[in-house]
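Index from 1, following the sequence. Excluded from the calculations below are hydrogen atoms, water molecules and symmetry mates; all remaining heavy atoms, backbone and side chain alike, are included.
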Amino acid sequence: MKAEAATLSKLSPIGMLARMGYGARALVYLTVGSLALLTATGFGGETTNSRGAVRTLAEQPFGYILLVVLVLGLVGYVTWRATQALLDTDNHGTSVKGLGVRMGLLISAAIHSALALFTAKLLLSDSGSDGGQPTWLSSEWGLWCLAGVGVGMAVAGGAHMVKGWRAGYQKFMQLPPSQVVWMQPLCRFGLVARGLVLVLMGAILVRSALVAHSSEVKGIADALNTLRDSAYGAWLLGVVATGLIAFGCYSLLEMIFRRINY
């Protein structure tokens, strides 16, 4: 622990922003997973997405402070993701695979920028308006773009599942040897669960765009609802919800043990 404290004390500004960002991501996924788990077990709750999680946090005691912390963390996460993509801090390279990973990091930065903006608006105006769908989504080419996004989500989800199964995260994290016995299964389970949700989101989006010709953007809540409405839905939802909580815990571990190569 002394070595970890020393490492944290030597962090660059980008390193501090990165760790704040992983903490913010943890807060969002712990909230989404906990609400879904309450739904699966019949204790209330709801299946929701990242923005729903932000609204839930806003309704808690000290909600204003939580939103301030979340906005700062999300700004840090966006900065770190953009730095990873543009400066190739993790040495993904310029191969097709490497460029694909870096493009995914840029997309992640864009998505979390939107979430940071939504949180800031909620913080400043106490309004939860999503602003509606862009008009271009209703066009034919817009639907094809949505389908492409869905395919990208499914591919990213598959990559998450492989990363979890093969413990590929280990080359970017320095877990303490004495704690690996429980940290590693937690990380693997969390990554596989998030990957499954991304695959479901991608499949739902592709089907919505190409089969139902709907321009409505689908998210985590839709994927969780699909699980809930399937055979053995409560059990499946409970397992995946627990996995999303595990992913939130994995994000906390990244906040502490992730190698920040900058």
Side-chain angles (χ1 to χ4, degrees), residues 22 24-60 66 70 108 111-112 114-115 118-119 128 130 146-147 149-165 167 169 182-209 211-212 214 216-254:
Y22 287 123
R25 189 180 70 179
L27 185 59
V28 170
Y29 274 90
L30 287 171
T31 303
V32 171
S34 297
L35 290 173
L37 185 60
L38 288 173
T39 299
T41 54
F43 287 100
E46 60 181 342
T47 52
T48 189
N49 56 16
S50 298
R51 295 189 177 194
V54 172
R55 289 194 183 97
T56 299
L57 291 171
E59 294 167 358
Q60 305 309 306
L66 286 173
L70 187 60
S108 176
I111 291 172
H112 286 87
L115 184 59
F118 171 81
T119 307
D130 291 342
L146 278 182
V149 171
V151 171
M153 279 187 177
V155 171
H160 266 71
M161 296 175 78
V162 171
K163 182 179 179 181
W165 183 258
Y169 57 86
W182 67 267
M183 286 184 175
Q184 185 156 301
L186 178 71
C187 293
R188 297 177 74 175
F189 180 40
L191 282 166
V192 170
R194 191 198 187 202
L196 176 60
V197 170
L198 286 174
V199 169
L200 285 173
M201 287 169 59
I204 292 170
L205 196 57
V206 170
R207 186 183 184 284
S208 176
V211 178
S214 170
E216 183 181 357
V217 176
K218 306 295 183 179
I220 295 176
D222 300 279
L224 295 176
N225 286 334
T226 298
L227 287 173
R228 183 194 61 194
D229 297 336
S230 65
Y232 307 104
W235 286 98
L236 288 173
L237 179 60
V239 170
V240 173
T242 304
L244 292 178
I245 293 172
F247 183 77
C249 294
Y250 164 76
S251 297
L252 288 176
L253 293 177
E254 275 201 295

To the nearest 0.5 Å, what is the distance between [atom1] ([X]) and [atom2] ([Y])?
{"X": "M183", "Y": "L253", "atom1": "CE", "atom2": "CG", "answer": "5.0 Å"}
{"X": "L35", "Y": "L244", "atom1": "CG", "atom2": "CG", "answer": "11.0 Å"}
{"X": "C187", "Y": "K163", "atom1": "SG", "atom2": "NZ", "answer": "10.0 Å"}
{"X": "R188", "Y": "L186", "atom1": "CZ", "atom2": "CG", "answer": "12.0 Å"}
{"X": "T119", "Y": "H112", "atom1": "OG1", "atom2": "NE2", "answer": "10.0 Å"}
{"X": "L200", "Y": "I220", "atom1": "CG", "atom2": "CD1", "answer": "11.5 Å"}

Name the one of T31, V32, V240, L30 that satisfies side-chain contact (heavy atoms from CB on, under 4.5 Å) with I245? L30
Test side-chain contact (heavy atoms from CB on, under 4.5 Å), reference M201, set V197, I204, L205, output is V197
Take T39 and L224, measure what side chain to side chain contact (heavy atoms under 4.5 Å, CB included) needs, and give me the verdict at the end. CA-CA 10 Å; T39 299; L224 295 176; over 6 Å; no
For Y29, all residues meeting ring-ring contact (aromatic ring centres under 6.0 Å, His included), sequence neighbours excluded: F247
Can you confirm whether L115 sits close enough to L70 that some side-chain heavy atom of one is under 4.5 Å from a side-chain heavy atom of the other? no
Ignoring hydrogens, what is the shortest heavy-atom contact between [X] and [Y]? Give both atom names and the distance.
{"X": "G33", "Y": "A241", "result": "O-CB, 3.6 Å"}
{"X": "V28", "Y": "A53", "result": "O-CB, 4.0 Å"}
{"X": "R25", "Y": "S251", "result": "NE-OG, 2.9 Å"}
{"X": "A193", "Y": "G243", "result": "CB-CA, 3.4 Å"}
{"X": "S230", "Y": "L227", "result": "OG-O, 2.6 Å"}

May I ask you to decide if Y250's main-chain N or O and E254's side chain share a donor-acceptor pair within less than 3.5 Å? no
